[in-house]
Each structure stands twice: as structure tokens, then as C-alpha cells.
Number of protein chains: 4
Amino acid sequence: MSGASGAAERPLRADAARNRAKLLDIATQVFATRGIGVPTEEIARAAGVGVGTLFRHFPTKEALLEAVMVRRLETITAKTAQLAAEAEPAEAFFACFRLVVEQSAGKAEFTRALAAAGVDVHASLQESTTVMRAQLAELLAAAQRAGAVRPELGLPELIALIVGTGTATEQLATDPVARERVFDVVFGGLRPH
Amino acid sequence: MSGASGAAERPLRADAARNRAKLLDIATQVFATRGIGVPTEEIARAAGVGVGTLFRHFPTKEALLEAVMVRRLETITAKTAQLAAEAEPAEAFFACFRLVVEQSAGKAEFTRALAAAGVDVHASLQESTTVMRAQLAELLAAAQRAGAVRPELGLPELIALIVGTGTATEQLATDPVARERVFDVVFGGLRPH
Amino acid sequence: MSGASGAAERPLRADAARNRAKLLDIATQVFATRGIGVPTEEIARAAGVGVGTLFRHFPTKEALLEAVMVRRLETITAKTAQLAAEAEPAEAFFACFRLVVEQSAGKAEFTRALAAAGVDVHASLQESTTVMRAQLAELLAAAQRAGAVRPELGLPELIALIVGTGTATEQLATDPVARERVFDVVFGGLRPH
Amino acid sequence: MSGASGAAERPLRADAARNRAKLLDIATQVFATRGIGVPTEEIARAAGVGVGTLFRHFPTKEALLEAVMVRRLETITAKTAQLAAEAEPAEAFFACFRLVVEQSAGKAEFTRALAAAGVDVHASLQESTTVMRAQLAELLAAAQRAGAVRPELGLPELIALIVGTGTATEQLATDPVARERVFDVVFGGLRPH
DNA sequence: TATGAATGAGGTTTCATTCAT
DNA sequence: TATGAATGAAACCTCATTCAT
């Protein structure tokens with residue numbers, strides 16, 4: 001398991017890899033803060049490369065967006081797996097819920113794309129979301145068996161709640177205390193009544 | 001009560017008024033179903049008028065969007081006021097929460113605009129949101145006095161939760177049962193532990 | 001037969017019609033002299049309108065090209081029909097051959113497009129070429145019955161020869177005498193040996 | 001034979017020479033089948049080398065095109081010289097006419113470039129065409145002296161007819177019989193009436 | 001020397017907004 | 001006043017050519 005999940009087809013030259021990474025980083029950030037409407041050229045400029053380079057790496061704006069989302073999902077899934085392995089079911093469930101929410105927070109469009117996940121995505125993205133869904137399903141089931149979460153809750157609702165909580169906390173970016181109270185409410189509601 | 005909230009400058013000829021109303025109706029619907037990215041021309045065509053007419057009534061695309069939101073907010077505020085007057089504090093609070101969520105549901109862009117409410121809106125929208133915020137603040141306070149809602153919850157969190165719940169239910173559009181479970185969770189969490 | 005062949009779907013405002021015509025004229029000329037590679041914007045500028053106007057009338061560069069060709073074909077077919085009606089079979093055949101060649105002369109790309117006629121064209125162009133082919137077939141048959149043209153010649157060869165003669169005369173643009181000798185050769189070869 | 005026609009500046013390493021040859025072969029073929037619009041990169045890929053290598057050998061896309069044409073002309077000139085030496089004037093003339101046409105057939109862009117020959121070409125191409133023109137002039141004169149070709153025909157018309165016949169036969173690629181009839185017509189027309 | 005990543009000018013097309021009819 | 005044609009600033013994307021590896 002030495003190769004990371006993204007496993008490039010060919011080794012990719014050092015500078016090319018650097019550029020690709022830089023582009024993904026910048027795009028993630030720019031899409032998050034300014035929405036997916038930003039001109040491709042601006043992302044290229046922010047990354048310090050020409051448009052041509054961007055389009056060599058991501059042949060389409062949509063492809064760039066997808067790559068951003070895939071990478072983000074992969075990061076989350078990796079952290080989730082770790083958390084799930086290390087903690088008790090109940091603790092793991094809530095920690096992961098918070099993790100996913102926080103990783104997506106501030107990235108409105110991304111959140112929306114995650115929302116559309118089950119619907120019409122391309123192969124690579126499909127794959128990433130499938131992994132994440134499987135993880136969440138497992139965490140949920142374990143937490144329910146442990147009596148820490150309402151037994152009637154299904155996976156779709158869980159995902160909807162995660163996305164919703166992301167939207168909610170996004171608006172409270174400047175007020176950590178209020179954000180914590182939002183988690184209190186949602187987590188409180190998730191526990192058996 | 002001749003001067004409605006929008007304060008009409010001049011009486012507006014009958015057909016002009018009809019056009020304006022039609023445009024608002026169509027725009028509400030089109031923005032909701034196809035996103036705010038739709039060409040202005042398409043909205044005009046759907047409303048059966050020329051683009052010129054549209055721009056005569058709303059000097060900017062943004063102005064149209066704002067008008068759509070203002071009208072929606074006004075509708076909601078009116079219904080909220082009615083509910084608040086007719087029901088017990090606790091009942092009124094939850095009914096209004098659900099009302100606002102459902103009125104915004106399926107209108108992702110609108111939800112986001114509502115989210116941005118406290119930040120950078122234009123005068124007319126500012127006014128509408130202020131009214132709504134006042135209503136919600138009152139409902140919240142009353143419900144808390146009645147012991148039906150956690151006492152530590154503030155208005156910002158409440159609004160964030162409404163918006164978040166809107167996002168969440170939006171994704172469960174086809175599954176009313178799941179949607180109801182989302183409300184169960186959120187409402188459960190809102191009550192004192 | 002009051003309506004011209006092009007029969008606009010809707011009356012089209014006076015200025016719009018003027019612009020459309022101007023664009024077609026300019027495009028015909030520019031494509032002819034500089035090839036189909038010229039930027040669309042240049043055609044718009046030459047016609048004294050903005051790019052937007054060009055694209056309102058012809059939603060695609062290809063559409064513009066097609067329109068240019070259709071109009072040219074229609075002009076030719078009309079003149080051909082007149083010639084065919086007025087002259088004896090032999091005379092008509094050769095006059096039309098020359099007419100088609102000369103109308104296409106100097107328009108290399110157009111000639112090539114005409115060449116591709118039977119192959120992959122869009123509806124409107126298909127229609128125009130079909131008419132022209134029918135005319136040529138009739139002229140050829142009549143001339144052959146009159147003993148003025150080799151009896152074994154088929155329509156495909158005739159068209160190929162027209163296109164080829166067009167290419168040939170195009171190169172002799174500055175030397176009318178030489179061009180006439182090319183016609184002598186081809187016409188001589190067309191007659192029964 | 002160290003100084004080949006192109007006058008190699010330096011001996012050129014064996015692999016470099018192989019690459020150059022491969023590039024010319026592939027380019028000839030690709031330009032012929034897909035037009036001169038194909039991206040340079042595609043030609044490089046088809047030849048199994050990087051773009052950099054292509055541009056080392058041919059500093060410009062135009063230079064590559066020119067090299068392709070020069071080589072083609074050289075091939076034709078060589079074959080023409082052989083034919084001219086081996087056959088009677090009349091036979092040689094018609095055989096060479098057909099040869100030139102067929103060597104250019106299916107290479108529309110090339111034909112056009114040949115057509116532009118007398119006009120604005122670069123040195124190396126100029127040279128090649130000059131040789132070919134001299135050969136054709138000689139063949140024509142001999143055939144006219146032998147009474148096999150109309151005496152009034154000049155070199156420009158001959159070249160125009162060759163190019164035109166090339167265009168004509170190109171369109172009949174799938175019908176050898178029709179193509180033969182085109183030659184019958186042109187050859188018939190070339191003979192004294 | 002060969003490679004292919006990077007560059008960026010330029011091409012086509014869209015769309016908010018203005019203005020002649 | 002209503003219409004929809006005209007406008008032109010961008011947006012996305014391609015490709016000849018350069019240059020680091």
C-alpha cells in the first residue's frame with residue numbers, strides 16, 4: 001500500500017507534479033472563497049502558471065473542480081478511517097461527523113457538490129464518494145448498535161445532516177462559540193431521545 | 001395601507017404591473033429550478049415579454065434576484081406573523097422554523113442569499129431580512145421563556161440552523177419520511193436536554 | 001412565387017435584415033479572398049457590426065459558412081435555370097458549365113465545399129446541392145441526347161470536372177487568355193471524340 | 001552522394017537522420033489525410049518523438065510543410081525525368097501528366113500549395129518547383145513538336161490543368177472508372193482538335 | 001540531443017445591458 | 001411603453017513555440 005490512492009498513471013516530472021499540486025491547492029482555496037464562478041485564468045495566475053499549464057493538467061474547468069473534490073474527499077476518508085480505528089463507536093461517530101463538517105466548512109460550492117454526490121457525478125468522483133458513504137454507513141451502524149444514535153436514522157439523512165450542518169457552521173465562521181452550540185443541537189438531536 | 005413595503009414610486013399602469021408580477025413569478029420559479037445562472041433572456045421569454053421590458057422593471061439582473069427574494073421574504077414574514085399570533089409560543093416557534101425551512105427548500109441559491117443576509121445586501125433586502133430577524137428573535141425568546149427551547153441558543157445560531165436544515169431537506173426532496181427524521185433530529189436537539 | 005427562395009421564417013426587422021445581408025456579403029468576400037481561417041471577429045468588423053450581432057444571426061462559424069454557400073448555390077441555380085430555359089441543349093450545357101465554374105472561381109474553399117457536397121453536409125446545404133445536381137443531370141442528359149457531349153460521361157465526373165476547372169482557372173486569374181484556353185481544352189474534351 | 005538534394009549542413013547523426021525521415025513520412029501522410037490543421041504535437045506523437053524533436057528538425061510548422069512538399073516534388077521530378085528519358089515525346093507527356101496528378105491526388109492542401117507555387121514560396125520550395133516547371137516546359141514543347149498536343153497551349157495553362165485534374169480526380173477517389181473518364185476528357189482536349 | 005511541460009496570444013462563443021424601432 | 005437587435009467584455013479552450021530537465 002505504498003502508493004497513495006490517487007496513483008498517477010505515469011511518474012510525472014518533478015516540476016509538473018509541483019505545478020499540479022499547486023494548482024489543486026490554489027483551486028481548492030479560490031473555489032472555496034470566491035465560488036466556482038472564478039475565471040480559470042485567475043486560478044492559473046494565482047498558482048503562478050499560464051492557462052495552458054492549467055489546461056494541460058485539467059482539460060476542462062469541470063475536470064479541475066472534480067479533481068479538487070476528489071482530493072478533498074480522499075483526505076477526509078483517510079482521516080475518517082484513522083479516527084474510526086482508534087476510538088469507541090460512539091466517540092468515533094461524532095468525531096467523524098464533526099471532521100467531515102469541518103473539512104467541508106467554508107467551501108459552500110463543494111458542500112453542494114457533495115450533496116449532488118449520489119446523482120450525476122463522473123467516475124473518479126463517484127468512486128471517492130462511494131468509499132466515503134461506505135465509511136459513514138459503517139460508523140452509523142456501529143454507533144447505533146452501541147446505543148449512541150437514534151436507531152431509526154438512515155444513511156441518507158445522516159449525509160443530509162452533515163451537509164446541512166456544514167452550511168450552518170459556514171455562516172458562523174467568526175463565532176466559534178455559536179458554532180459549538182450548533183453542534184450541540186445537532187449532536188443532541190442525533191442521540192436517542 | 002396604500003404604500004406596501006416596496007413603496008411604489010408611481011401607480012404603474014395596469015399592464016406594466018401585470019408584466020412585473022409575471023416576471024417575478026417566472027423568475028422565482030426559473031431561478032429555483034435552474035439556478036441563478038440562467039440567461040436573463042430566457043426569463044423574459046418564459047414570461048412572454050422582451051428583454052427590454054425585463055430591464056425596464058429591474059435595471060439589473062441582481063435587482064431582479066433581489067426582488068424575488070424580497071417578495072419571498074415578505075410572504076414568509078406574513079405567514080410567520082400569523083402563526084405567531086395564533087399559536088402557543090412553543091408550537092409557534094417550531095411551526096415557524098419548519099415554515100421558513102420549507103419555503104426556502106428547493107431554492108438553494110435563495111438559501112445562500114438568505115445566508116449572506118447580514119452581510120452585504122441592498123437596502124430593500126436589508127429591510128425585509130431585518131423584519132424577519134426581529135420576528136425570529138421574538139419567537140425564540142418566547143419559546144425559551146416557555147421552556148421549550150434551550151436557553152443558551154442565540155439568534156445567529158437559530159438562523160444558521162434554519163439555513164442548514166433547508167440545505168439538508170433539499171437533498172431529501174424525494175423522500176418525505178427521511179426529511180421528517182431530519183426535522184426530528186433538529187427539533188429534538190433544540191429542546192432543552 | 002412572390003417569396004424568394006430563402007424565405008425568412010419571420011419578417012425580420014429592416015435593420016436586422018440589412019445586417020444579415022451585409023454579413024453574408026462580407027463573409028462571402030472575405031472567405032473567398034482570405035480563406036475560411038479568418039477570425040470571426042474580423043468578418044464582424046468588416047461588416048461594421050459587433051461579434052455579438054454576427055453570432056445572433058449565425059450561431060456558429062460553420063453556420064455562417066453554410067449560409068454563404070447556400071446563398072451562392074441559390075444564385076447559381078437561379079441563373080442556371082434561366083440559361084437552361086433560354087438556349088439549345090448544347091449551348092445551354094456549355095454556358096452553364098462555364099457559369100458554375102466562374103461563379104465559384106476565386107473561392108477556393110467554397111469550391112472545396114461544393115466538392116464535399118454529396119458527402120456530409122447539413123440539411124439546408126444538402127437541399128441546395130440537390131437542386132443543383134438535378135439541374136446539372138438534366139442539362140447533361142439533354143446535351144448528350146443532342147450529341148454534343150460524350151455519351152459515356154456521368155454526373156459525378158461532370159461535377160468533378162466543374163470543380164477541377166474551377167481550381168484550374170482560379171490560378172490563371174490574371175491571364176484571361178490562358179483561362180480561355182483551359183476552357184477550350186475541357187470543352188474540347190467533353191465533346192464526342 | 002554525400003550532398004543530397006537538401007544540402008545537409010552537417011552529416012547528422014544516424015538516429016537524428018532516422019527521426020527526420022520518420023517525421024517527414026508521417027507528416028506527409030497526416031497532412032494528406034487530415035489536412036494541414038492537425039496540431040504539431042499529433043504529428044510528433046504519430047512519429048514517436050516529442051514535439052521538441054520535431055521543432056529541432058523543422059523550426060516552424062510551415063518549415064515542416066515546406067519540407068514535405070519539397071520531398072514530394074523531388075520524388076515526382078525524379079520519376080518524371082526517368083519517364084521523359086525512356087519514352088516517345090507524346091507518350092512521355094501524357095504519362096507525366098498523369099504521374100504528377102496522381103502523386104498529388106488525395107493531398108488537397110498540397111495541391112493548393114503547388115498552385116501557389118509561382119507566388120510566394122520560400123527558397124527551397126522555389127528551387128524544387130523551378131526544376132519541375134522546367135521539366136514540364138520541355139515535355140510540353142516536345143509533345144507539341146510531335147504534334148500530340150495543341151500548339152497554342154502554354155506552360156501556365158498546363159500547370160493549371162494538372163492542378164485542376166488533381167482536384168477533379170480527388171473527388172472520385174472511390175470510383176476508378178469515373179476517374180479514368182476524367183482523364184479521357186482532359187487528354188482528349190489536350191490533343192489538337 | 002530528446003523530451004514533454006510551460007507559455008500565452010488568439011479563436012470561438014455567451015450574455016448582461018443599451019438603444020433604435 | 002414594449003420589443004428584440006446590437007454591443008462588447010469576458011469566458012473557455014487550443015496550439016505553435018520555447019525551455020527546463
Side-chain angles (χ1 to χ4, degrees), chain A residues 10 12-20 23 37-45 47-64, chain B residues 12-16 19 37-45 48-64, chain C residues 10 12-20 23 37-45 47-64, chain D residues 12-16 19 37-45 48-64:
Chain A
R10 260 189 282 170
L12 211 58
R13 246 166 53 183
D15 55 347
R18 223 176 7 257
N19 274 339
R20 206 192 123 92
L23 278 167
V38 279
T40 327
E41 281 203 53
E42 216 157 306
I43 293 175
R45 189 164 41 251
V49 305
V51 237
T53 302
L54 192 159
F55 278 94
R56 165 176 280 269
H57 286 292
F58 309 98
T60 283
K61 192 184 189 179
E62 200 187 343
L64 173 59
Chain B
L12 215 55
R13 263 170 40 182
D15 54 346
N19 274 343
V38 278
T40 329
E41 195 144 3
E42 219 154 303
I43 294 175
R45 187 164 45 249
V49 306
V51 240
T53 305
L54 189 157
F55 277 90
R56 167 171 288 274
H57 286 292
F58 309 96
T60 280
K61 192 184 189 181
E62 202 186 342
L64 173 59
Chain C
R10 260 188 283 170
L12 211 58
R13 247 167 53 182
D15 55 347
R18 221 176 10 256
N19 273 339
R20 206 192 122 93
L23 278 167
V38 279
T40 327
E41 280 204 55
E42 218 156 306
I43 294 176
R45 187 164 43 249
V49 305
V51 238
T53 304
L54 193 159
F55 278 93
R56 166 175 278 270
H57 286 292
F58 308 97
T60 281
K61 191 183 189 181
E62 201 187 344
L64 173 59
Chain D
L12 214 57
R13 262 170 41 181
D15 56 345
N19 273 344
V38 277
T40 329
E41 196 143 1
E42 219 154 304
I43 294 175
R45 188 164 41 250
V49 305
V51 241
T53 304
L54 190 159
F55 276 91
R56 166 171 290 272
H57 285 293
F58 308 97
T60 281
K61 191 185 190 180
E62 202 186 342
L64 173 59

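Protein chains get the first letters and strands the later ones, always in sequence-line order, with residue 1 at the start of each. Owing to the predicted nature of the structure, the values given are computational and were not obtained by experimental measurement.
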Presence of D:H57 side-chain N/O under 4.0 Å of E:dT1 phosphate oxygens OP1/OP2: no
Does a nitrogen or oxygen in the side chain of D:R56 sit under 4.0 Å from OP1 or OP2 of E:dT1? yes
Quick one: which of E:dT7, F:dA2, E:dA2 gets closest to the side chain of B:N19? F:dA2
Look up atom CZ in B:R56 and atom CG in B:N19, then write down how far apart they are to the nearest 0.5 Å. 11.0 Å
Evaluate the side-chain proximity of A:R20 to A:L23: yes if any heavy-atom separation is below 4.5 Å, no if none is. no
Between D:V38 and D:K61 the two heavy atoms that sit nearest each other are O-NZ, 2.9 Å
Residues D:F55 and D:T40: closest non-hydrogen pair is CE1-CG2, 3.5 Å
Please tabulate the protein-to-nucleotide N/O contacts below 3.5 Å involving nucleotides 14-18 of chain F, giving atom names and distances.
{"residue": "F:dA16", "atom": "OP1", "partner": "D:K61", "partner atom": "NZ", "Å": "3.0"}
{"residue": "F:dA16", "atom": "OP2", "partner": "D:T40", "partner atom": "N", "Å": "2.7"}
{"residue": "F:dA16", "atom": "OP2", "partner": "D:T40", "partner atom": "OG1", "Å": "2.6"}
{"residue": "F:dA16", "atom": "O5'", "partner": "D:T40", "partner atom": "OG1", "Å": "3.3"}
{"residue": "F:dT17", "atom": "OP2", "partner": "D:K61", "partner atom": "N", "Å": "2.9"}

Could you give the [atom1]-to-[atom2] distance, from [X] to [N], as a whole number of Å?
{"X": "B:I43", "N": "E:dA16", "atom1": "CD1", "atom2": "C1'", "answer": "12 Å"}
{"X": "C:L54", "N": "F:dA5", "atom1": "CG", "atom2": "C1'", "answer": "13 Å"}
{"X": "D:R45", "N": "E:dA5", "atom1": "CZ", "atom2": "P", "answer": "11 Å"}

Give the stems involving DNA chain F, where a stem is 3 or more consecutive Watson-Crick or G-U wobble pairs (i with j, i+1 with j-1, and so on) under 3.5 Å. E:2-21 with F:2-21
Side chain to side chain contact (heavy atoms under 4.5 Å, CB included), paired with C:V51, selected from C:R45, C:E41, C:E42: C:E41
First encountered from the 5' end of DNA chain E, between C:E42 and A:V49: A:V49
